[in-house]
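Accompanying notes for the structure given below.
Just so you know, these numbers use all the heavy atoms, side chains as well, and skip hydrogens, waters and symmetry mates. Labels below follow one simple rule: chain letters A, B, ... track the order of the sequence lines, proteins then strands, and each chain is numbered from 1.
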2 protein chains.
Amino acid sequence: MAAKSPQRQPVVGGRAAVSPTAVREAALTLFAERGYHGTALSQIAKALDIQTPSLYNHMASKQDLLVAILQDTTDRVLAEYDAAVDGVEDVGERLSAATYTYALRHATHPREAVIVNRDATAIDEPVRAAVYAKRRKHADDFRELIQKGVESGRFDVENATVAAFAILEMCVSIARWFDPDGPVSAEEIARQHGEFALRIVGVRSALSACSDGAS
Amino acid sequence: MAAKSPQRQPVVGGRAAVSPTAVREAALTLFAERGYHGTALSQIAKALDIQTPSLYNHMASKQDLLVAILQDTTDRVLAEYDAAVDGVEDVGERLSAATYTYALRHATHPREAVIVNRDATAIDEPVRAAVYAKRRKHADDFRELIQKGVESGRFDVENATVAAFAILEMCVSIARWFDPDGPVSAEEIARQHGEFALRIVGVRSALSACSDGAS
DNA sequence: CCTACCGATCGGTAGG
DNA sequence: CCTACCGATCGGTAGG
């Protein structure tokens, strides 16, 4: 009965303590569920079984909580992209790896993804502009990757920008429908999306190869 | 200076009048921009150049405004799907037509789409359950369509549910990035997404046909 | 970590 | 369509 919520860390002496991490964890869940403006600090406090003013021992403000989530998430997305394509030369493999990584992140971190995509408009300038710039950078990297594949004749799409958005956004949406307790694993979902990406850009995979391959 | 906003309809005598349609139009824009919880009725009133209480001459409540938008939109999506596939027998053509229609809606009605996808959690029961049921119906229709294509050997995907989500959600996202004043028309975007859908399910199109492909 | 409390703003009503 | 006004709740502070 002492530890009513998993966010509370039991401490010697039977008392429980709330940490900045626990506050952020509760905020992630509630912001993702009801949105930033739809979540009251009193609800976060209730989830942690403390009073609202006590939250200020672990955070600067509600806005700061959101900013930290958005900045961390966008930073990680860019870092994971770089790590995924690092050293990979084949443009098809680069697209496949970048898509796999992006899809996997959305399957394993759905709350962060939902918040970034819904509540980025709720943060104040100049942070908002910085977050948008990072998201644009990621989309541009994808677009340029596809454009390279088109120019080298490996990919076949009418418009690299449209194809990039289609691929990116089908990955983003995983955060909204994927069930980690369902029959398909996060890795399997990510793999299939890597395959979808190749199909969208017109790369013949082993699965659906023609007899004479691509021209 | 008498007509400060496009939502105001000029009336004989130099006076302006606000209508239920104008209120809804302003709500569509603001809800899409800042979210339902992030929009105050005072902001909607300001956009219409009236005082907040005057809004109640044209609507029942803020919640009612959202409910009307969500119900109308989900109803239209289902009706458009039925109309798109009606009489079309070939399973590839059915998928292409259903995707084209869904994509076109999101390119031409981005505000409605953004609100449905972000603020459906903000409506009270039992309406919320009804809206979710309609969205599920549409997704199920898509999934069954793809499943039929797989069973008949026309489509080649590992998991019809995953493919259905990927196709649907890349269309939904159009509402978030498409610029109607950009170089590509809504119809062209929709056409390309119809093509992407066929590629995702492994159908060889005219564009990327093998030697034995169609014209 | 708490109680007590703040000004601001929210959606909505009364009454014309 | 307006002014005047309501109770509720918001994020946040004071002070221990």
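- Side-chain N/O atoms of S42(A) include none lying less than 4.0 angstrom from OP1 or OP2 on dT9(D).
- In plain terms, the two heavy atoms of L70(A) and D119(A) that are nearest each other are CD1-O, 4.3 Å.
- Of the candidates dT3(C), dC1(C), dC1(D), the closest approach to any side-chain atom of Q51(A) belongs to dT3(C).
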So which protein nitrogen or oxygen atoms get under 3.5 Å of nucleotides 12-16 of chain C's nitrogens or oxygens?
| residue | atom | partner | partner atom | Å |
| --- | --- | --- | --- | --- |
| dG12(C) | OP2 | Y56(B) | OH | 2.8 |
| dG12(C) | OP2 | K62(B) | N | 3.0 |
| dG12(C) | O5' | Y56(B) | OH | 3.0 |

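- Side chains of N159(A) and R143(A): no donor on one and acceptor on the other come within 3.5 Å.
- The six-membered or imidazole ring of F142(B) lies near that of Y81(B), with a centre-to-centre distance under 6.0 Å.
- The CG-P distance, from L30(A) to dG11(D), rounds to 12 Å in whole Å.
- In the set dC1(C), dC10(D), dC10(C), dC10(C) carries the atom at the smallest distance from any side-chain atom of A40(B).
- A ring-centre distance under 6.0 Å is not found for Y102(A) and H193(A).
- Within 6.0 Å of NZ on K46(A) lie no more than 12 heavy atoms contributed by other residues, nucleotides or ligands.
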**Q.** DNA chain C base-pair string [pairs: Watson-Crick or G-U under 3.5 Å; |: paired with another strand]
**A.** ||||||||||||||||

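- One interatomic measurement links the two molecules: CG of D49(A) to C1' of dC1(C), which rounds to 13 Å at whole-angstrom precision.
- When each of dG11(D), dC1(D), dC1(C) is scored by its nearest atom to the side-chain atoms of H58(B), the top-ranked nucleotide is dC1(D).
- The side chain of H37(B) places no N or O atom within less than 4.0 Å of a non-bridging phosphate oxygen (OP1 or OP2) of dC10(C).
- Separation of atoms CG (L65(A)) and CG (L55(A)) is listed at 8.5 Å; rounding is to 0.5 Å.
- For the pair L55(B) CG and dG11(C) P, the computed distance is 10 Å after rounding to whole Å.
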Please output the side-chain donor-acceptor pairs of residues 174-187 of chain A that fall under 3.5 Å, not counting sequence neighbours, one pair per line with the distance.
| residue | atom | partner | partner atom | Å |
| --- | --- | --- | --- | --- |
| R176(A) | NH1 | E169(B) | OE1 | 2.9 |
| D179(A) | OD1 | D181(A) | N | 2.9 |
| S185(A) | OG | E188(A) | N | 3.1 |

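- Between Y36(B) and I115(B) there is no side-chain heavy-atom pair separated by less than 4.5 Å.
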